[in-house]
Trainee: 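Below is a structure I'd like to ask you about.
Every value quoted in this text rests on a predicted model; they were computed, and no experiment measured them. Below, read A as the first sequence line, B as the second, and so on, with proteins coming before strands; counting in each chain starts at 1.
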Number of protein chains: 2
Amino acid sequence: MNHIFFLSTSPEILVEELNTHLNKNIILILGLCHSEFDGRIKSTLNSSDRFLIVKNDGTIILHDPIGLKPIQWQKPGAGPIKFLLTNKNELKMETFRLKTNENFSITFQEIHSALAYNTVLENRFASVFGDEKDFITFLAKNPERMEEGLTIIATEKETEVGYIDILAMDRSGNTVIIEVKKQQATPADAFQLQRYFNNLKLIYSTKLRGILVANSVPKRVRRQLFKYNLEYCEIPWQEIFPTLTRLSLNLKTVNLNDFF
Amino acid sequence: MNHIFFLSTSPEILVEELNTHLNKNIILILGLCHSEFDGRIKSTLNSSDRFLIVKNDGTIILHDPIGLKPIQWQKPGAGPIKFLLTNKNELKMETFRLKTNENFSITFQEIHSALAYNTVLENRFASVFGDEKDFITFLAKNPERMEEGLTIIATEKETEVGYIDILAMDRSGNTVIIEVKKQQATPADAFQLQRYFNNLKLIYSTKLRGILVANSVPKRVRRQLFKYNLEYCEIPWQEIFPTLTRLSLNLKTVNLNDFF
DNA sequence: GTATGCATCTCGGGA
DNA sequence: TCCCGAGGTGCATAC
């Protein structure tokens, strides 16, 4: 059973209500507010109609009428959050995070609407398919997509300068460093490969190759790779992975049919 | 004047109401839902109590009861968004972004609460102090914080391999490349400096130094820098800048340049 | 429009 | 805990 609590828009009443709901029920407040965050950065907002969410884990999210990212926020785990009345009888939220010395305060000059609610059914499981790890797994199982005759040695191999996505060996016995990017390659990606290459070159001398695998590789990045004797391989993962998910979904159906 | 519209929790009525509010008023729905995003990645959520925001610019934000980041979302500018009834009489939201071939749908098995509101006062101005640019400005005015006798030559200097944060000259006439990070340095930051260094080495030969300025520099990054004859300088910007903001607030009438 | 780099990045994994 | 790198990164800015 879920409960919604419609709260008062009068600050004096609301502040009491909020302090009973805080950390127990999720709080939503719509109103005219100004605010200030002072910590890792100092950010000041003038009066405007905004929308505040306060979750039970201490998450604070302040939204403007447009845009995906909140205009100000606080990560979970900071607290304690305090609701109080200013000497002008305005509702004020305050919080302070000791570790990072962060202050966050919001003052509501007007409350348009406020409510609290609790959730009973919380199923936080999310299945995700198609991230870089899935791409690496796919490539490790299908190395011929990159080059014939590749043998996978390791994935996520740790080195002094970072983790190498895939380490392989080619037909000619060269060790091959493979850096994988789901998206279009950037100059920074090429430098990342170069970083691994330079580090392992000290060990493998000339028997070493480096390949940047990406959804696409712009000319600028190709030239850069060429300059350092590195290679690239374009594999359109963004086209491949939807096909794979459908295949896996089809297989799941077959398994279910076996049960009936 | 601001308006709050409390909407029906009956799907049949709600779907009509939502289609009148869509793109005009911000919509909030609390309910039990499952959902799927299929585009750059495939993400599936099982039934759980969640909280949906639909803004007028097409932003869609779906929040779990905990956590800062939405569990699923859509950036502004995609649309069109559609609300409809499934054959089970459930409220369903659908949207499709042609350009990136992204599908996003949310199905509510139960509506706990729904409302819409419009905002009149929208003052989106936010003042921010303390980002990397401010750090660079501070260092350019206080080069002795990094090293005695430094003369600033340029900031944001463009090169073939990117922008150099600060270019300076030391007492001995060496050109100094300075890469600035507000936060803890990462191996990638060290390599970025190395990029600039290698590029300018062709011009300045041995009369060139590189310094990574950061809030802190982990040992592994120090070793990496040392290996390539690069240097680092730890400056706790996170401690310095709140002092600066307070000074500037107290002394607005005084010439700030006196302090820098 | 694309390219580039910062971000109060956030988040999760691994040592 | 710190460190490290991916992200449906988002987002502003420069071109």
Trainee: Sequence neighbours excluded, which residues qualify as salt bridge (Lys or Arg N to Asp or Glu O under 4.0 Å) partners of B:Asp64?
Mentor: A:Arg124, B:Arg50
Trainee: Could you run through nucleotides 5-15 of chain C and give me one letter per nucleotide, 5' to 3': B if any protein heavy atom sits under 4.0 Å from the base, S if only the sugar-phosphate is that close, - if neither?
Mentor: SSSBSSS----
Trainee: Taking atom P in both C:dT4 and C:dT8, what distance in whole Å separates the two?
Mentor: 23 Å
Trainee: List for me each residue that meets salt bridge (Lys or Arg N to Asp or Glu O under 4.0 Å) alongside B:Glu94, sequence neighbours excluded, and say none if there are none.
Mentor: B:Lys92
Trainee: Could you measure between the two P atoms, the one in D:dC11 and the one in C:dC11, and give it in whole Å?
Mentor: 15 Å
Trainee: Please determine whether a side-chain nitrogen or oxygen atom of A:Arg220 lies at a distance below 4.0 Å from atom OP1 or OP2 of C:dT4.
Mentor: yes
Trainee: Is it true that, when you exclude B:Phe226 itself, more than 12 heavy atoms of the residues, nucleotides or ligands shown sit nearer than 6.0 Å to its CZ?
Mentor: no
Trainee: Scan residues 65-81 of chain B for pairs that pass salt bridge (charged side-chain N to carboxylate O under 4.0 Å, His left out), counting only residues two or more places apart or in two chains.
Mentor: none
Trainee: Which sits closer to the 5' end of DNA chain D, A:Pro70 or B:Lys219, going by the nucleotide each is nearest to?
Mentor: B:Lys219
Trainee: Check whether any side-chain heavy atom of A:Leu62 sits under 4.5 Å from a side-chain heavy atom of A:Ile106, and report yes or no.
Mentor: yes
Trainee: Is a donor on one side and an acceptor on the other found under 3.5 Å between the side chain of B:Asn142 and the backbone of B:Phe138?
Mentor: yes
Trainee: Return the set of residues passing salt bridge (Lys or Arg N to Asp or Glu O under 4.0 Å) with B:Arg209 (not counting sequence neighbours), or none when no residue passes.
Mentor: B:Glu147, B:Asp170, B:Glu231
Trainee: Distance under 4.0 Å to a non-hydrogen atom of chain B counts as contact; along DNA chain D, which nucleotides mark the start and end?
Mentor: D:dC3 to D:dG10
Trainee: If you define the side chain from C-beta out and look only at heavy atoms, does anything of B:Ile53 sit under 4.5 Å from A:Ile53?
Mentor: yes
